[in-house]
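Note that the structure is a prediction, hence the values are computed from the model and not measured.
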Amino acid sequence: MIGAISREYGLDHLEIYDHSINIPKFKMFLQNLRDKYFFDDICIYMDNLAVHRSNDVKQRLEELSICLLYTSDAADEGLGVDLGGRRII
């Protein structure tokens, strides 16, 4: 299962899969999220899962104009800005 939350609606977008999330599934989730919110600014807040760190996913995020946020423990210490315990990349 993978989901998206928003300030306005709480749990906003949810996709359930029979097996674990892989790169193609995650990229499809990103596409579905972008399709649902075509004109909105979207930021994805992620942990250190290997799928999240893949170059394919990073490239797809850029193509879809989705900004990337990592939890502070997942962020590279040399990058980003720490805001209240969270590091923005």
Side-chain angles (χ1 to χ4, degrees):
M1 174 173 45
I2 188 169
I5 59 172
S6 70
R7 235 184 329 225
E8 295 84 7
Y9 305 109
L11 184 58
D12 199 317
H13 182 76
L14 183 67
E15 295 185 15
I16 299 173
Y17 300 96
D18 291 333
H19 302 286
S20 62
I21 303 299
N22 58 24
I23 291 171
K25 288 177 186 175
F26 191 66
K27 287 171 61 176
M28 181 55 66
F29 170 80
L30 295 173
Q31 182 64 58
N32 293 341
L33 191 61
R34 174 47 72 203
D35 291 346
K36 185 174 181 179
Y37 299 106
F38 186 76
F39 294 108
D40 293 344
D41 293 332
I42 299 174
C43 286
I44 299 290
Y45 186 74
M46 300 188 298
D47 61 12
N48 207 22
L49 182 69
V51 169
H52 297 161
R53 294 180 283 117
S54 80
N55 289 332
D56 285 346
V57 167
K58 290 178 183 178
Q59 179 179 351
R60 192 66 186 137
L61 286 164
E62 187 173 322
E63 292 167 357
L64 295 172
S65 298
I66 298 175
C67 76
L68 173 59
L69 307 173
Y70 281 116
T71 58
S72 59
D73 58 340
D76 180 0
E77 291 300 319
L79 300 173
V81 177
D82 192 352
L83 299 175
R86 301 295 179 221
R87 186 170 302 280
I88 297 178
I89 302 298

Provide the full list of salt bridge (Lys or Arg N to Asp or Glu O under 4.0 Å) pairs with a residue in residues 31-43, sequence neighbours left out, each pair given once. Asp12-Lys36
For [X] and [Y], work out which heavy atoms get closest and say how close.
X: Arg53; Y: Lys58; answer: O-CE, 3.5 Å
X: Leu33; Y: Ile44; answer: CD2-CD1, 3.7 Å
X: Leu69; Y: Cys43; answer: CD1-CB, 3.9 Å

How long is the span from the [atom1] atom in [X] to the [atom2] atom in [Y], to the nearest 0.5 Å?
X: Ser65; Y: Phe38; atom1: OG; atom2: CZ; result: 9.5 Å
X: Ile23; Y: His52; atom1: CD1; atom2: NE2; result: 10.5 Å
X: Ile21; Y: Lys27; atom1: CD1; atom2: NZ; result: 14.5 Å
X: Asn32; Y: Glu15; atom1: CG; atom2: CD; result: 4.5 Å
X: Ile42; Y: Ile66; atom1: CD1; atom2: CD1; result: 4.5 Å

Does any part of the side chain of [Y], heavy atoms only, come nearer than 4.5 Å to the side chain of [X], both counted from C-beta?
X: Phe26; Y: Arg60; result: no
X: Asn55; Y: Gln59; result: no
X: Leu30; Y: Val57; result: yes
X: His19; Y: Lys25; result: yes

Mark yes when over 12 heavy atoms from residues, nucleotides or ligands other than Gln31 sit less than 6.0 Å from its CD; otherwise mark no. yes
Check the hydrophobic clustering (I, L, V, M, F, W, Y; side-chain heavy atoms under 4.5 Å; chains of links allowed) and say if [X] and [Y] are grouped together.
X: Ile5; Y: Leu14; result: yes
X: Leu11; Y: Ile16; result: yes
X: Tyr17; Y: Leu49; result: yes

